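Numbered from 1 within each chain, the chains take letters A, B, ... in sequence-line order. Only a predicted model underlies this, so the values are computations on that prediction, with no experimental measurement involved.
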Amino acid sequence: MAVPPTAPTASVRTRFCPSPTGLVHVGLIRTALFNWAHARHSGGTFVFRIEDTDAARDSEESYRHLVDSLRWLGLDWDEGPEVGGPNGPYRQSERHDVYREVAAKLLASGHAYESFSTNEEVDARRRAAGQDPKLGYDNHDRTLTEAQKAAFRDEGRQPVLRLRMPDEDLTWTDLVRGEVRFAAGAVPDFVLVRGNGAPLYPFVNPVDDALMGITDVLRGEDLLPSTPRQLALYAALTDIGVASGTPRFGHLPLVTGEGTKKLSKRDPTSNLDVYRERGFLPEGLVNYLALLGWSIAEDRDVFSTAELVEAFDVTRVSANPARFDLKKAEAINATHLRALPVEEFTARVVPYLAAAGLVGEPPTAEQDAVLRAIAPMAQERMVVMSEAVGLLGFLFVDEVAIDPAAAEKQLAGETAVEVLDAATTALRELPEWTTPAIEQALKDALVEGLGRKPRQAFGPVRVAVSGRTVSPPLYESMELLGRERTLDRLAAARTLAGAG
RNA sequence: GCCCCCAUCGUCUAGCGGUCCAGGACGCCGCCCUUUCAAGGCGGUAGCACGGGUUCGAACCCCGUUGGGGGCACCA
């Protein structure tokens, strides 16, 4: 026997609707990612909309930055700025006529009304009634007569437009939290349009969602308390024919910082750019961000963006807050970085080396040869791309700058002098300059000859050659560097060690 | 203050009434490998906030307590 369908299967439409103010926050991006993944998983549509209704705080630069960030992460949108679509414009600053018209309908239909009370008057009324002023607006102006309104106007007052909240409980089934209920009367009539005519976020956001046919609203938990207002607005919009029903809501867990508080824009770890500049891979960051509230399987947490799309299920998103853990983000990224085909890795590393002035862009033939040779060895000891600068820089300069800490550790005292001298002697006359020959010569001279333990024998040589205690494999590095530069560096380090 | 949300290792999580003396990952510790540092391999450490129910049986359901968080604008 056939089971009747439980709901019309209209195709999913999600949206990401940031306001372009300041930095791009990783929590914001996590929200974008989940909306995107939900749309892609279900074969739906992902809409990108800019909520720039606050001229004082919005900036064009911030808008560009948002667009650029989404592109970098590979979160493509089907409708929105720069790609267009049938429901545009997609910037609220260009939609004021729409809001004016909807506001007028709401007023005419009686769902909204003009309110003249000042905050001071509301406060005073609350106190007079022995109530806490924090209760907010008291719905006092619902019943104003035309004569009273006219009197206020004569005083020069400009009314705000408020939505008349229904006198019944407001509930919905949250996609991540299940049943949520707010008691009737708990939410006062709220302002849709300012006295000066400027529409407010709680008004324009649902209006645009309705007009753009959004079916699934995935947003931060901080917006959960505003949902009853949206539900009421949606009912009114549906009544006047602007909306055709209410979307599903899913409130995503907050992303917290070091403590237990919501990750603030002030916290440097909240800035997406920091990760991009450090050389996180977009797919690595996407993977980590997806883990903030979601998991792909019981025994796995590294996955591609394609696998994320394939497996993503909003209803399996966790309801508890997630702390942003840099160490884990790095570990996930490192795994992605190592999994890159070596040519791909090389190509991605070039911009970082070029920005540091180490190679040309594109690299010269010689630089390219060195890069290709060292890439596989560099790849397995890096976490983020920018580390290539410190790790490989010594291969692309004439004289290496020795890290003071490394010098102190490995180039101080008699033993270092001895080692460097022995290494120099062994390498100067080496018949062929190849990795195996270098290895054999050094082992003979330092381990056999001087009787040093490998870890003590090669430390000073490594620092002399690369300038650091951490480097790609030593013999290969020396071969790439060439005999002349290698001997010069041993000599320079010898001077340093001798002086110390 | 009022409203709402949340509660499994230090952290992110798996778990959707028995297969859990709770699994994975990061971190941390140890060992192996080894030319440093990594990487890799192997092993270890550590948790169901508390109290009541319901049930033959609860990490999973219900209630309460405690704790944490979020929201209460003519900001978004």
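A/Arg157 forms no cation-pi arrangement with A/Phe116, by the criterion of a distance under 6.0 Å to the ring centre and an angle within 45° of the ring axis.
Within residues 329-343 of chain A, the residues having any heavy atom closer than 4.0 Å to RNA chain B are, in order of number, A/Ala331, A/Arg338.
Taken from CG in A/Leu135 to CD in A/Gln131, the straight-line distance is 6.0 Å, to the nearest 0.5 Å.
Less than 6.0 angstrom separates the ring centroid of A/Phe34 from the ring centroid of A/Phe312.
Counting to the nearest Å, the P atom of B/A25 and the CG atom of A/Leu291 are 13 Å from each other. For the pair A/Arg381 CZ and B/C37 P, the interatomic distance rounds to 11 Å; values are reported in whole Å.
Relative orientation of the A/Phe48 and A/Phe16 rings is parallel, given thresholds of 30° and 60° on the angle between their planes.
Panel note: side chain A/Tyr352, backbone A/Arg278; no donor-acceptor pair is recorded below 3.5 Å.
Under the Watson-Crick and G-U wobble criteria, each requiring two contacts below 3.5 Å, nucleotide B/C21 is left unpaired.
Look at the P atom in both B/U66 and B/G30: the space between them is 43 Å, to the nearest Å.
Sorted by first and then second residue, the side-chain hydrogen bond (donor to acceptor under 3.5 Å, both in side chains) pairs involving residues 19-31 of chain A (not counting sequence neighbours) form an empty list.
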Nucleotides 2-6 of chain B: which of its N/O atoms have a protein N/O under 3.5 Å away?
unit_1, atom_1, unit_2, atom_2, d
B/C5, O2', A/Arg177, NH1, 2.4
B/C5, O2', A/Glu221, OE2, 2.9

